[in-house]
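What follows is a single structure, written as structure tokens, with notes after it.
Since the model is a prediction, treat every value here as computed from it, not as a measurement. The sequence lines fix the lettering, A, B, ..., with proteins before strands; numbering per chain opens at 1.
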Protein chains: 2
Amino acid sequence: MIGGMTSPLRTPVPDAGDDRAQTWTIREIADEFGVTHRTIRHYEDLGLITPERRGTVRVYHRRDRTRLNLILRGKRLGFPLEEIRTIVDLYDAPLGKASQLEYVLGQIDERRADLEQRRADIDAAITELGRFEDRCRDELRGLRAR
Amino acid sequence: MIGGMTSPLRTPVPDAGDDRAQTWTIREIADEFGVTHRTIRHYEDLGLITPERRGTVRVYHRRDRTRLNLILRGKRLGFPLEEIRTIVDLYDAPLGKASQLEYVLGQIDERRADLEQRRADIDAAITELGRFEDRCRDELRGLRAR
DNA sequence: ATCATGCTTTACGTTTACGTCAACGTCAAG
DNA sequence: CTTGACGTTGACGTAAACGTAAAGCATGAT
């Protein structure tokens, strides 16, 4: 089960006063998202997340959690991590100049096309399952009618 | 491009008269489905398809093509091959006894639940993309307004 | 002071899904 | 009968996505 426990870092950050600047350790993040710390670090190796370093230790912010959510959903959808990186990078690209915006909009269209293809596959699979289920139920009724 | 060329085997099968009993070679199947013969053989190693053997040579029937379609769609959806096997096996299970039918119906429900979870993920991703696109377009208009 | 915990890096192991030879069989054509 | 064009079986290679020790700091607790 994935809860929403908020476990404050023992170093409440000097720049405090803002309690929304909450941070988490790698273990807390891993537990909460139901993955191992090794997985988290693997994503970092691939540049999917870039937690702050306080000395040698990793400190995770809200931003990292947002990215992790995107990553895990991408995984559930079967995207390879490299492709997932292009997606999460997309979401926090600079967007400064018009050319960059045009590029991002193009990427968005590509992504959407991909996702809609997948949805079509899923819908096909579901209706097929439905037909198969009907056949099975018919068969079952036939057996019980005797 | 994946066409539908029908290339008859040079041995038109003694049990002929029925032209629907068409067969294909591994190369034809591979080309038509856009995969390599190695991939086809890999699926056979895992028990996903079981082509007829005429001597030492593999002979593919319509049934194998049906399975291959299921397999490739499963792959597009990101299912691992082992899981895909349980799915294709499901579709041509015996269905003889009621107990077997009950089991299959249960499996169908599981599959459907999985697929619907995926569809939910996809829908979420698509609407998120939509919101992001709107923000980008706003930004773009802002730049051009100057 | 030291001891246990938790975090870190380094590095090799594993599973999945094929790719890539190598070496051989076979069958029709020249 | 030899030459290709396919087909077949190993067997090893590889890329992705982590798992699994091994061994070193850092820090709070005893």
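- The main-chain N or O of A:Leu77 is found under 3.5 Å from a side-chain atom of A:Arg118 such that the two form a donor-acceptor pair.
- For D:dT9, the OP1/OP2 oxygens have no side-chain nitrogen or oxygen of B:Thr56 closer than 4.0 Å.
- Backbone-only contact: B:Ile26 has heavy atoms under 4.0 Å from sugar-phosphate atoms and none from a base.
- A 6.0 Å sphere centred on OH of A:Tyr103 holds no more than 12 heavy atoms belonging to other residues, nucleotides or ligands.
- Atom-to-atom, CD of B:Glu28 to P of D:dA5 comes out at 17 Å; the value is rounded to the nearest Å.
- Straight-line distance from the CG atom of B:Leu68 to the P atom of C:dC18: 11 Å, rounded to whole Å.
- Straight-line distance from the NE2 atom of B:His42 to the P atom of D:dG10: 16 Å, rounded to whole Å.
- Using a 4.0 Å heavy-atom criterion, one finds that B:Arg38 contacts the bases of the nucleic acid, with or without backbone contacts as well.
- Distances shorter than 4.0 Å separate some side-chain N or O of A:Lys75 from OP1 or OP2 on D:dC18.
- For the OP1/OP2 pair of C:dC18 and a distance below 4.0 Å, the side-chain nitrogens and oxygens of B:Tyr43 include at least one atom meeting the criterion.
- Between the side chain of A:Glu28 and the main chain of A:Thr25, a donor-acceptor pair closer than 3.5 Å is present.
- If you take CD1 of A:Ile40 and C1' of D:dG19, they are 15 Å apart, rounded to a whole angstrom.
- Atom CG in A:Asp31 sits roughly 17 Å away from atom P in C:dT5 (whole-Å rounding).
- Using a 4.0 Å heavy-atom criterion, one finds that A:Arg41 contacts the bases of the nucleic acid, with or without backbone contacts as well.
- A donor-acceptor contact shorter than 3.5 Å is absent between the side chain of A:Asn69 and the backbone of A:Thr66.
- Atom CZ in B:Arg54 sits roughly 18 Å away from atom C1' in C:dG25 (whole-Å rounding).
- A:Arg54 contributes no side-chain N or O that, together with a main-chain N or O of A:Val57, makes up a donor-acceptor pair within less than 3.5 Å.
- OP1 or OP2 of D:dG19 lies within a sub-4.0 Å distance of a side-chain N or O belonging to A:Thr39.
- Positionally, the nearest nucleotide of DNA chain C for A:Tyr60 lies more toward the 5' end than for the other of B:Leu81 and A:Tyr60.
- The phosphate of D:dG7 (OP1 or OP2) has no side-chain N or O of B:Arg58 nearer than 4.0 angstrom.
- Across the protein-nucleic acid pair, A:Arg27 atom CZ and C:dC7 atom P stand 5 Å apart, rounded to whole Å.
- The distance from atom CD of A:Glu44 to atom P of D:dC18 is 15 Å, rounded to the nearest whole Å.
- Checking D:dA17, C:dG19, C:dC18 against every side-chain atom of B:Thr36, the shortest atom distance belongs to C:dG19.
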